[in-house]
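Please read the structure below before turning to the comments.
Here the structure is a predicted model, which means the values were calculated and not measured.
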2 protein chains.
Amino acid sequence: MPSNLDAQSIAPHPDHDHQACIDSALTAARELCREKQQKLTKTREKVLQLIWGSHRPIGAYSLMDALAEGEQKRVAPPTVYRALDFLLELGLIHRINSLNAYIGCQDPSHEHHCYFLICTSCNLAVETDPGPFQSAVGQLKQESGFEIRQQNMEFNGLCPHCQEQSE
Amino acid sequence: MPSNLDAQSIAPHPDHDHQACIDSALTAARELCREKQQKLTKTREKVLQLIWGSHRPIGAYSLMDALAEGEQKRVAPPTVYRALDFLLELGLIHRINSLNAYIGCQDPSHEHHCYFLICTSCNLAVETDPGPFQSAVGQLKQESGFEIRQQNMEFNGLCPHCQEQSE
DNA sequence: TTTTATCGTGTTACAATATAACACATCGAT
DNA sequence: ATCGATGTGTTATATTGTAACACGATAAAA
Ligand SMILES: [Zn+2]
Ligand SMILES: [Zn+2]
Ligand SMILES: [Zn+2]
Ligand SMILES: [Zn+2]
C-alpha cells in the first residue's frame, strides 16, 4: 500500500496533495492495462478519474452527473456501468456494497481482497491490508469447510478527523 | 452459537431437521421481544418465519411474494421493509449487503457484528464468530486511528456440500 | 367515558440502483 | 473487401428501497 498518506495513520489527511493521488492512480491504471492488454478507453479513464476525485465512495448515478458536467448530453446508465464493470474486473476500483458505491483501489498491481474502513460521518473510505486477518481466515476455513474465494470486509466508524470534530 | 449444525462443520447439513431451526428461532425471538418490551406482531413474526424458511438470504420482494401465498391481496413494499427494519433493529436478522438480502441471526441474544460465509453456488449463508478476528481489528484501530463501531464481513466461496458436488 | 397519544399498518406514489436487448461503429486480421 | 471482436449508443425495463399521509387499534390520561 503506498503512498500519499498521513504519517500518523493510514487515513489520508484532509490537507494532502490530492492531485498526486489522482495522477498516480491514473499512471498505475495505464500501466496495468498495458500489462493485461486491455484498453483504457476515454470513457473508462474519465470514470476512473472521477472516482479518484475524492477518497469517498461515489455512486453510479453521481458519476453520470459528473460526466455530464460541461457536456452537451448525458450518458445513459449502461455506459457508466460498463466502465465500472471493466474497472472492477481489472481491480482498479472496488465496490462498497453497503453504500452501492465505488472507490479507487489503493494498489491495483496485484489482486487482493476488499477491506475498507468507512467513516459514517464524512464517508471517507480507507483501504486496508487484509494480511493481519488471514490467520483468522485460515482457521475459519478449517472449521467451516468452506473454500473461501473472496473476502469483503467493511468496517464503519469515525475517521480520526471526524473524531476531533466531534470532541 | 448453537445448535442444529453438522458435527464436521459449522455449516448446516442439507439433511438437518430444519423445522427445529425455525422453532428455536421463533422461540428466541419471542423471548427477546419480551425482554426488550417490543411487540412481535403477526406481520413481523410471519416475515421472520419466512426468512427462517431456509439458511439462504432472501430479498424483500421475494418475501413479499412468499407473504402473498394463499392470501387474497399482496402487501405493499413498506409493510415488508418495516418488518425488516424492526427485525434488524432487534438483531433478529442480518442484512447481506452483497446480495441485498436478509437472513436470520444465529444468536440474537446479544448484539454482535455481522460475519458470514456465503456459498456462491447454493447461496447457503453461515454466520460465524467474529472472535478470532478481533485482535486484527484491534491492531487496525491502532494503526488507522479509526473508531470502529460496526464490522461487516462477507466471505464468498463454496460450501462443503457444493465442493463435493463439483468434484 | 370521552380524549388523546402512541404505535403499527395500508396505500399511493416515487426514488435510486442496475440490467436486457438490440443497433451501430471502429478496427485489426484474414 | 470481408469478417469478427470489441466498445458504445439507445430505449426500455427490472430490482430494491422510501416518502408522505391516512387509518385503526390500544392504552394511558382526563
Ligand atoms: Zn488523495
Ligand atoms: Zn470522517
Ligand atoms: Zn436449519
Ligand atoms: Zn453451496
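- From A/C119, atom SG reaches atom CD of B/E147 across 9.5 Å, with rounding to the nearest 0.5 Å.
- Residues of residues 40-47 of chain B that place a heavy atom closer than 4.0 Å to DNA chain C, in numerical order, are B/T41, B/T43, B/R44.
- Environment of CD in A/E89: sparse, with no more than 12 heavy atoms of neighbouring residues, nucleotides or ligands closer than 6.0 Å.
- When each of B/L99 and B/K39 is assigned the nucleotide of DNA chain D with its nearest heavy atom, B/L99 is the one assigned upstream, toward the 5' end.
- Rounding to whole angstrom units, CD of residue B/Q38 and P of C/dG8 are separated by 7 Å.
- In the hydrophobic clustering, A/L158 connects to no other residue, as no ILVMFWY side-chain heavy atoms lie under 4.5 Å from its own.
- Rounded to an integer number of Å, the gap from CG of B/N97 to P of D/dT16 is 14 Å.
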Listed pairs under 3.5 Å, donor-acceptor, residues 44-53 of chain A side chains, sequence neighbours left out:
unit_1 : atom_1 : unit_2 : atom_2 : d
A/R44  : NH1    : A/K39  : O      : 2.6
A/E45  : OE2    : A/R30  : NH2    : 3.0

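- The nearest whole Å value for the distance from the CE atom in A/M64 to the C1' atom in C/dT19 is 13 Å.
- Look at CD on A/Q37: it is 13 Å from P on D/dT6, rounded to the nearest Å.
- The CG-P distance, from A/D65 to C/dA16, rounds to 10 Å in whole Å.
- The distance from atom CD of B/E89 to atom C1' of C/dG8 is 15 Å, rounded to the nearest whole Å.
- Atom CG in A/N100 sits about 11 Å away from atom P in C/dT19, given to the nearest Å.
- Rounded to whole Å, atom P of C/dC7 lies 16 Å from atom CG of B/D85.
- A donor and an acceptor atom, one from each side chain of A/E127 and A/Y115, are nowhere located under 3.5 Å apart.
- By the 5.5 angstrom centroid cut-off and the 30-degree plane limit, B/Y61 is classified as stacked against the base of D/dT16.
- Heavy-atom neighbours of B/E35 CD from other residues, nucleotides or ligands within 6.0 Å: above the threshold of 12.
- Less than 4.0 Å separates DNA chain D from at least one heavy atom of each of the following residues of residues 66-82 of chain B: B/P77, B/P78, B/Y81, B/R82.
- Sequence neighbours left out, the pairs with a member in residues 87-106 of chain A that pass ring pair (Phe, Tyr, Trp, His ring centres under 6.0 Å) are A/H94-A/H112, A/H94-A/F116.
- Sorted by first then second residue, the ring pair (Phe, Tyr, Trp, His ring centres under 6.0 Å) pairs that include residues 66-92 of chain B, not counting sequence neighbours, number zero.
- Between A/I58 atom CD1 and A/S62 atom OG the span is 5.0 Å, to the nearest 0.5 Å.
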